[in-house]
Protein chains: 4
Amino acid sequence: MAEVTLTVTAKEKAVPAPPDKPRKSAASDDRRTRIATAARDVFAEKGYASATMREIAAAADMHVPTMYQYFRSKEEILELVYSWTINQAVDLMQDALEGTAPVEQRIDQIIRRLHDVNLKLRRGTLVMNRETRSLSRTARDRVLGHYAGMVEKLGDVIAEGQAEGIFREMDPQLAAVFVDALADVWVLRPFAVRDKDSEDYAAELVAFVRNALMGNADMTPETPGQTVTNRRN
Amino acid sequence: MAEVTLTVTAKEKAVPAPPDKPRKSAASDDRRTRIATAARDVFAEKGYASATMREIAAAADMHVPTMYQYFRSKEEILELVYSWTINQAVDLMQDALEGTAPVEQRIDQIIRRLHDVNLKLRRGTLVMNRETRSLSRTARDRVLGHYAGMVEKLGDVIAEGQAEGIFREMDPQLAAVFVDALADVWVLRPFAVRDKDSEDYAAELVAFVRNALMGNADMTPETPGQTVTNRRN
Amino acid sequence: MAEVTLTVTAKEKAVPAPPDKPRKSAASDDRRTRIATAARDVFAEKGYASATMREIAAAADMHVPTMYQYFRSKEEILELVYSWTINQAVDLMQDALEGTAPVEQRIDQIIRRLHDVNLKLRRGTLVMNRETRSLSRTARDRVLGHYAGMVEKLGDVIAEGQAEGIFREMDPQLAAVFVDALADVWVLRPFAVRDKDSEDYAAELVAFVRNALMGNADMTPETPGQTVTNRRN
Amino acid sequence: MAEVTLTVTAKEKAVPAPPDKPRKSAASDDRRTRIATAARDVFAEKGYASATMREIAAAADMHVPTMYQYFRSKEEILELVYSWTINQAVDLMQDALEGTAPVEQRIDQIIRRLHDVNLKLRRGTLVMNRETRSLSRTARDRVLGHYAGMVEKLGDVIAEGQAEGIFREMDPQLAAVFVDALADVWVLRPFAVRDKDSEDYAAELVAFVRNALMGNADMTPETPGQTVTNRRN
DNA sequence: TATGAATGAGGATTCATTCAT
DNA sequence: GATGAATGAATCCTCATTCAT
């Protein structure tokens, strides 16, 4: 597992220029990365709508008009932040998702990795969870599709576990979304975990999910007075 | 359980005037409620910062200056939406949290109730999850404390279950936050549940949590190098 | 002198209704007086343009719509404040201006009275000095004419003194304006007299004016090197 | 004396940028000067509170948002007008105040200079006399202190004259304020001097003050009951 | 390419004034 | 007559975006 927890150290990937604004130079990608980073931070701090171009420019140590050479609008920057964050997340998740270890181990690794990614991309995760509405319909579809794909892969792993009889029956894709949501708790409800150690948190998270997936609880519908028969799903 | 699921039908509570802007008339509370509803909807749709007073006024079928007779600023409306939503949620959760049924049943009721509340307060929940940053520090503390109290009560129920040996050991308050976060998935990740029936979702949610809490999965830490053998049938 | 200093004790005169809005009752004049007083205070505090009708109403312990029964607009209130203040000032100055004592004594009495009036009508004087611009052209002419008449009478007294050879030659009307301006210093430059006793101030004022009017200073044009000849005017 | 009256012809000093909004270019100071001039004129015409940013911008031949690159608020413009006007006044008064000529001559020069300055800074003087209330407490203290310093110097000259036995005894600082107030009559009571020639006015002013300061009028207090006999020939 | 300035639209908020009860 | 509410215009200020140097 060690290699799992540790691999989240890759250098931040550069942000490639969009196809219609052809990449001029390596420095260009560099600039885009600087802007994306700065924007992500400012968005996380003040929200997309309240962030001003001047603030972003200041955070990126650039001039506003200069920024406009790398994108066409503020919204495009938000898209940039989304796609860049998602790409990083997907990349970082990749080997954990595609491992060949037994499903039980893989699930643990995936969960831990999800947490690690959230640690690393904290502000990106924050922005992505909050600003979906600020994206245009088309950008939203385009950009979130990529993310959904990742969650889907997680669902596939769960389905695999179910096929092997390790996990109980339930909609595996919903289970995947649940897992993802739980991993985000660290970022989205910071007040609830403020006094927690990240490692402990990861362990609790893993245990919670593992039990939820394996299952063995008596699920008799609990209408009062009703006879409880041992229905297992 | 039936009576639990059904009770979430009380009329929306009126929004009382703040103490310093004394309630002038019964119509006054009415107006405040109209504003809170309208604002909640607009905030859910476009986000707090992007929502304009004109839009809120239009949604409330009022004139903008008229609205200013009922609060002092846009931010105060947001606070209103928060406190109003939270109060409703807490009220609706109350009997489920304070029931005397066996813990196992109570947990199920609570979860279903959480889902019901989220169905009913969908847009309020959305806004509350996204706009925490838009609240002033003091308003945030004041308003979220109330909510935290509710989650804490859930944690107490879980702790009770642990004491009874029904639930496995884990930080009960963290577990409560997890449960809350899972219930919010319906609202916060609508794309992931779009084609799901609300009832089915509730059932899946209950099962997921119940298993997670009861637990009996083999949690042998898979320390690197350790041979993983203990795979459950 | 005693009777001079003491007579400024008349009850505040009621403000009569304008001819076109016929006086309904004695209570009506009472209301107008209350409004004028309140408005004068608020105007003195925040300036005419920044004062709001609500503030004035609050100061008058009235409701805004009620106020509109006694005048037609905010500007009309300002006119009210002007005419009311001026009327009071003129009334209070009257006997001092029309006395039959020797000019030298009368001037002293007038100056002291000017100061007394300013003490009594402090806020009115303030407003009148600052808000001339806020009055409509016609109101300004109408209202300030009355005041100019008072200053003119003072000029006449000075002229009388000049005719008697007591005062030196100079434009007596300008002298009157000078005297008036000096009396206002107490109100208009409060920072400059803050640590002064009102009585001392009056004495300094009287001495200053008396010397200025009597005159005996060598007024030889003081071009350097020019021989100074004793020209007396 | 000639050189005194004539020197008030220096080009208007540029308005330097405040230290926290660093001066960007030479054009920048130019802009600030344009704004200060325009604002001073509009304020003189309609009063600070009634003047709108649009009007100021129009008078400065600028766009409103452009103006906001040079200051942060309307109030800051008012401060600008104050400090700029005061600085100009102080500069223009300086040599007259610090001359080495005999006190008697210097006083005349100072008075004439005060009048010249008021001619030149007419609108600034107007605004400064009327809008003290519109300044924030701190700005008021900061800005008016400078002005008070100037008046104080005038008081020192008067005190010097008293020490030399040329001027009669009185509070020299109060005398200075009186002189300042008299010089402002030209600006503050224009209706009273409308048909006067500026030169004649200056002459009258000088004579008035000189006599007031030199004095030798019999100041026997005319306590009631005392027989007034000592009438000057 | 760096940088100050321009532009025009729009946002929150506040008023004087008038209704309606 | 007292009182809360309505109205619509205006105000200050800020922005994203684009010029021009």
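Chain letters run A, B, ... following the sequence lines, proteins first and then strands; every chain starts at 1.
- Atom NZ in D:K74 sits about 9 Å away from atom P in F:dT11, given to the nearest Å.
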Report task. Determine, step by step, whether C:D141 and C:R137 satisfy the salt bridge (charged side-chain N to carboxylate O under 4.0 Å, His left out) criterion, reporting the C-alpha distance in whole Å, the side-chain angles of both residues, the deciding distance to 0.1 Å, and the verdict. Result -> CA-CA 6 Å; C:D141 291 348; C:R137 197 84 178 68; 3.1 Å; yes
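- One can place OH of C:Y70 at 17 Å from P of E:dT17, the figure rounded to the nearest angstrom.
- Every residue meeting the salt bridge (Lys or Arg N to Asp or Glu O under 4.0 Å) condition with A:E79, not counting sequence neighbours, appears here in chain and number order: A:R142.
- With rounding to whole Å, D:R34 atom CZ is found 11 Å from E:dA5 atom P.
- The nucleotide whose nearest atom lies closest to any side-chain atom of D:S73 is, among F:dC13, F:dA2, F:dA16, F:dC13.
- Of all the heavy atoms in B:M67 and B:I56, the pair that sits closest is CE-CG2, 3.3 Å.
- Taking side-chain N and O atoms only, A:Y68 has no distance below 4.0 Å to OP1 or OP2 of F:dC19.
- Within residues 45-66 of chain B, the residues having any heavy atom closer than 4.0 Å to DNA chain E are, in order of number, B:A51, B:T52, B:M53, B:R54, B:V64, B:P65.
- Taken together, the paired segments of DNA chain F that extend over three or more consecutive Watson-Crick or G-U pairs, each closer than 3.5 Å at both contacts, are E:2-21 with F:2-21.
- With distances taken from any side-chain atom of D:R31 to the nucleotides E:dA6, F:dT17, E:dT13, the minimum falls on E:dA6.
- Contact annotation: C:Q69 side-chain N/O to F:dG1 OP1/OP2 distance is under 4.0 Å.
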